[in-house]
Number of protein chains: 2
Amino acid sequence: MPRAGLSTTAVVDAALAVADEHGVDALTLAAVAQRTGVATPSLYKHVAGLGELRTLLGARVIGDMADHFTRTVLGRSGDDAVAALMHAYRDYVRQYPARYAAMPLDPLHDPALAAAGGKLLDVVLAALRAYGLAGSDAIHATRCLRAVAHGFSSLEAGGGFGLPEDLDQTYDQLVSTVIATLRPPPRPE
Amino acid sequence: MPRAGLSTTAVVDAALAVADEHGVDALTLAAVAQRTGVATPSLYKHVAGLGELRTLLGARVIGDMADHFTRTVLGRSGDDAVAALMHAYRDYVRQYPARYAAMPLDPLHDPALAAAGGKLLDVVLAALRAYGLAGSDAIHATRCLRAVAHGFSSLEAGGGFGLPEDLDQTYDQLVSTVIATLRPPPRPE
DNA sequence: GCCGCTGACTACTGCCATTAGCTTTTGGGC
DNA sequence: GCCCAAAAGCTAATGGCAGTAGTCAGCGGC
């Protein structure tokens, strides 16, 4: 029997492909095994189980998003950077809805997730630099951006917007709203 | 063998309790059967299967939210009504995180869900009445409110906010931001 | 050329959803 | 009060899945 030459990375690659093609519910060890041309129990040589595979997949997705967004923000600043970031977020979820759904929301239960999440946070904080936000203010602002981007994108990906009104328009409205609050209030002097 | 006197409603009740107590992943027919004191296959006399049970559960939750929010909005209007609605949304998700996670985002694939969803939409539209928003504008505004409430609440429930900064403050900031955009722009006369 | 490590396999268990077919309770018509 | 049909429950069985145990074979280091 020829050896398949698998590795943890290859298993995660296959899992990503399965999720992208058939949805997050179809992400089973059996499906990943079939795609890699291996019997199901063989996967346990590379991954501790379905739970760990999900965690690794989540870390991969967060890292991938961080890379995307880093490229997006490069060479931009201020409103331009934040708007680009928000649209990149939505675009990513539209392009890979299943992958996004596979991403755990809480990165704290695993160091690998926390590291990838930190990278993502840094990108956002860099985009906010132009506003002079620091410390807690920057955290609150980041949370607002994330809540808006995640909320809109997950609803869109989940088919939560049934009416025919233009979604681009809704999102533009939402993005400009949240950006407006980042600017310091007009100084009354 | 004494008859258990089950009904579709009772099965959904039990499913709701299972989800609330043990999380949405623990919502299995086996668990619901045990809770109702019945063998698993007996449930098929009342629901078509796990899929239908999930749909019925979703409809129940949406209806429940609509009832909650209707009571919340009664006797309020304008910014007061919208702010109360937004906080009621977050409070509901905090109180019943698993139940909320069990709610499908797209109500269109089932008539019962669509009906419950329509009721929910009506409550929001009523709260927006004071702003003079009509037609598409009202739809866009509703979507913005939903994206913000859903985004923040699902992140909070999912443990997505790891840092110690006060969440109430973030949400207040977000709510007042989104409310500000509902008001007509200051007339330049 | 040999040996041990590692990756892969087969066989098995247990849980779950679902189906089929049987039994018993219940309630309505007489 | 009795009978019967429908409804509600049951047991048994199937197939898919995750995960475990134990076995075998290829490959690298010597």
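For clarity, every value in this text was computed on a predicted model and none was experimentally measured. Sequence lines set the chain letters: A, B, ... in the order given, protein chains first and strands last, and positions in each chain run from 1. All values below come from the heavy atoms of this structure, side chains included, with hydrogens, waters and symmetry mates left out.
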### Message
Distance check needed: D:dG22 P versus A:Y44 OH, whole Å only.
### Response
17 Å
### Query
Can you find a side chain N or O atom of B:H46 that sits less than 4.0 Å from OP1 or OP2 on D:dA7?
no
### Atom-pair distance (NZ on A:K45; P on D:dG26), nearest Å
16 Å
### Message
Heavy atoms only, 4.0 Å cut-off, all strands: where does A:S42 land among base, sugar-phosphate and nothing?
### Response
base
### Query
Looking at C:dT18, C:dC9, D:dA18, which one has an atom nearest to any side-chain atom of B:T40?
C:dT18
### Task
Kindly point out which of D:dG9, D:dT20, C:dA17 is positioned nearest to the side chain of B:L29?
C:dA17
### Query
With sugar-phosphate meaning primed atoms plus P, OP1 and OP2, does A:A30 contact a base, only sugar-phosphate, or nothing at under 4.0 Å between heavy atoms?
sugar-phosphate
### Task
Answer yes if the side chains of B:Y131 and B:D137 hold a donor-acceptor pair under 3.5 Å, and no otherwise.
no
## Note on the structure
Across all chains, not counting sequence neighbours, the ring pair (Phe, Tyr, Trp, His ring centres under 6.0 Å) partners of A:Y171 are A:H87, A:F152
### Task
Applying salt bridge (Lys or Arg N to Asp or Glu O under 4.0 Å) between A:D64 and each of A:R71, A:R99, A:K119, report the one that passes.
A:R99
### Task
Kindly indicate whether the side chain of B:L128, heavy atoms from C-beta on, has any atom under 4.5 Å from the side chain of B:L145.
yes
### Task
Name every residue in residues 47-60 of chain A that has at least one heavy atom under 4.0 Å from any atom of DNA chain C, in order of residue number, or write none if there are no such residues.
none
### Message
Looking at B:H140, is its backbone amide N or carbonyl O close enough to the side chain of A:T170 to form a donor-acceptor pair, meaning the two atoms are under 3.5 Å apart?
### Response
no
### Query
From the list C:dA11, D:dG9, D:dT11, which nucleotide is the closest neighbour of the side chain of B:P41?
D:dT11
### Task
Kindly indicate whether the side chain of A:E156, heavy atoms from C-beta on, has any atom under 4.5 Å from the side chain of A:V93.
no
### Message
Can you measure B:L43 atom CG to C:dT19 atom P for me and round it to whole angstrom units?
### Response
13 Å
